[in-house]
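Since the structure comes first, as structure tokens, the remarks are kept for the end.
Just so it is clear, the model here is predicted, and its values are computed rather than measured. Every chain is numbered from 1, with letters handed out A, B, ... down the list of sequences.
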2 protein chains.
Amino acid sequence: MILKKTIKNSPESIVSLALTSETLTGRSGFLLAKAAQRVRDTYDEHLKTLNMNARHAGILTILEEKGSLAQNELGKCAYIDRTTIVALIDDLEKLGLVERQEHPTDRRSHVIYMTAKGKELMPQIGKKAKEVEKEYLGPLTASEQKSLIQLLRKLVFHHYSMPKETR
Amino acid sequence: MILKKTIKNSPESIVSLALTSETLTGRSGFLLAKAAQRVRDTYDEHLKTLNMNARHAGILTILEEKGSLAQNELGKCAYIDRTTIVALIDDLEKLGLVERQEHPTDRRSHVIYMTAKGKELMPQIGKKAKEVEKEYLGPLTASEQKSLIQLLRKLVFHHYSMPKETR
DNA sequence: TATTGTTATACTCTATAACTATA
DNA sequence: TATAGTTATAGAGTATAACAATA
């Protein structure tokens with residue numbers, strides 16, 4: 001990536017450059033923050049018509065894949081804190097897409113299961129996710145897309161596999 | 001990546017699986033969100049001793065690379081909204097690392113320049129950034145790290161090169 | 001003692017609306 | 001009319017502390 005630089009010689013040392021920092025755009029911290037922000041926007045935009053956001057869709061996707069799960073297991077699957085997931089399940093319950101059930105053996109725990117309405121909606125959610133992925137990853141070739149996913153998976157699995165204290 | 005699945009046959013259809021969703025971890029939306037969250041935590045942790053966070057360090061890095069910039073140019077460089085960057089510059093000014101100056105030709109504009117104290121601090125910030133990048137990208141080989149950065153750059157450049165309306 | 005779900009609370013990051021002063 | 005900086009404000013996402021119920 002070659003960036004055009006037009007340096008104006010100014011006594012005030014104000015220079016006019018391409019509005020991009022080579023250093024910053026070489027750091028994963030900056031790139032991941034900006035990439036995540038934009039892909040989330042895209043997800044939210046596409047899911048707005050279903051009255052949900054990317055995290056709601058993610059929870060439903062886990063339930064579809066794994067079947068009913070305890071609320072804490074669902075949180076671990078989504079890498080979402082137990083205090084954070086409460087409101088998300090609340091939202092999905094209000095939409096009539098999931099319901100909390102008593103856990104058969106642990107009375108502290110809630111089992112989250114998908115309602116018929118939720119199951120009916122899954123094809124639409126899957127379709128939206130596919131659209132977003134296609135749109136967002138569009139600038140990359142198919143092979144590059146695959147590479148990116150694999151590299152990110154490797155990173156995420158590694159950093160979420162250890163307890164917070166030893167990170 | 002092969003995940004071990006231990007499916008318990010339970011009449012309540014509660015299954016015990018590896019707490020990872022194949023579907024979700026195949027989507028850039030999920031992976032980028034989680035990767036960004038963790039790398040930001042790592043940056044913040046390392047920069048805490050300098051009383052700043054990842055975004056402050058990013059702004060200083062841009063100033064070091066490009067010299068003094070108008071506040072709006074700085075925001076564009078960092079992909080940060082003009083209403084958001086105000087407080088960040090305030091913070092850096094309070095730390096005595098940058099100062100707002102009058103723009104020589106446009107009286108609406110502020111030029112942000114680094115103070116001597118700020119310039120002195122840059123080696124430390126650069127060192128911290130290198131440490132974080134090394135630590136965070138550690139699970140990847142050198143070649144993989146390079147690939148990831150290149151792929152993310154391509155994505156970010158593409159998605160931030162067009163105006164918001166046509167995204 | 002530890003864990004599950006919950007609430008209250010707070011902090012970070014972001015952006016819209018509206019204002020002022022300029023251009 | 002448009003732009004630069006600013007403030008007020010609000011929203012999304014996250015997590016800590018503390019509690020009740022239960023293991």
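The nearest whole Å value for the distance from the CZ atom in R38(B) to the C1' atom in dA15(D) is 13 Å. For R107(B) and dA21(C), the CZ to C1' distance is 9 Å, given to the nearest whole Å. Note: CG (L74(A)) to C1' (dG5(C)) measures 13 Å, nearest angstrom. For L69(A) and dT4(C), the CG to P distance is 13 Å, given to the nearest whole Å. One can place NE2 of H103(A) at 16 Å from P of dT3(C), the figure rounded to the nearest angstrom. Per the geometry, CD1 belonging to I85(B) stands 9 Å off P belonging to dG5(D), to the nearest Å. Spacing between atom CG of D41(B) and atom P of dT12(C) amounts to 12 Å, rounded to whole angstrom units. In this structure, I112(A) atom CD1 and dT4(C) atom P are separated by 13 Å, rounded to whole Å.
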I'd like a table of atom pairs between the protein and nucleotides 10-14 of chain D - only N or O on both sides, under 3.5 Å - with the distance next to each one.
from, atom 1, to, atom 2, distance (Å)
dG13(D), OP2, N53(A), ND2, 3.0
dG13(D), OP2, R55(A), NH2, 3.0
dT14(D), OP2, R55(A), NH1, 2.7
dT14(D), O3', Q37(B), NE2, 3.0

Could you go over nucleotides 6-10 of chain C and give all protein N or O partners under 3.5 Å, atom names and distances?
from, atom 1, to, atom 2, distance (Å)
dT6(C), OP1, R100(A), NE, 3.2
dT6(C), OP2, Q71(A), OE1, 3.2
dT6(C), OP2, Q71(A), NE2, 2.8
dT6(C), OP2, R100(A), NH2, 3.0

Would L47(A) and H56(A) count as a side chain to side chain contact (heavy atoms under 4.5 Å, CB included) if you check the C-alpha gap in whole Å, the side-chain angles of each, and the deciding distance to 0.1 Å?
CA-CA 9 Å; L47(A) 290 167; H56(A) 296 118; over 6 Å; no

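No side-chain donor from either of E131(A) and Y43(A) sits under 3.5 Å from a side-chain acceptor of the other. Using a 3.5 Å distance cut-off with no hydrogens or angles, the side chains of E99(B) and T115(B) do not pair a donor with an acceptor.
The closest donor-acceptor contact from the side chain of Q124(B) to the backbone of L121(B) lies at 3.5 Å or more, if one exists at all. When atom types are taken as modelled, the side chain of E102(A) and the backbone of R107(A) share no donor-acceptor pair closer than 3.5 angstrom.
The heavy-atom pair separating L137(A) from I149(A) by the smallest distance is CD1-CD1, 4.4 Å.
Ion pairing of E73(A) with R82(A) is absent here, as no side-chain N (NZ or NE/NH1/NH2) approaches a carboxylate O to less than 4.0 Å.
Listed pair N72(B) / dG5(D) meets the phosphate criterion, a side-chain N or O lying under 4.0 Å from OP1 or OP2.
With Y136(A) as the aromatic partner, R38(A) does not meet the cation-pi criteria of under 6.0 angstrom to the ring centre and within 45 degrees of the ring axis.
Atom CZ of residue R108(A) and atom CG of residue N72(A) lie 8.5 Å apart, to the nearest 0.5 angstrom.
The base of dT3(C) lies close enough to the side chain of R108(A) for a donor and an acceptor atom to sit less than 3.5 Å apart.
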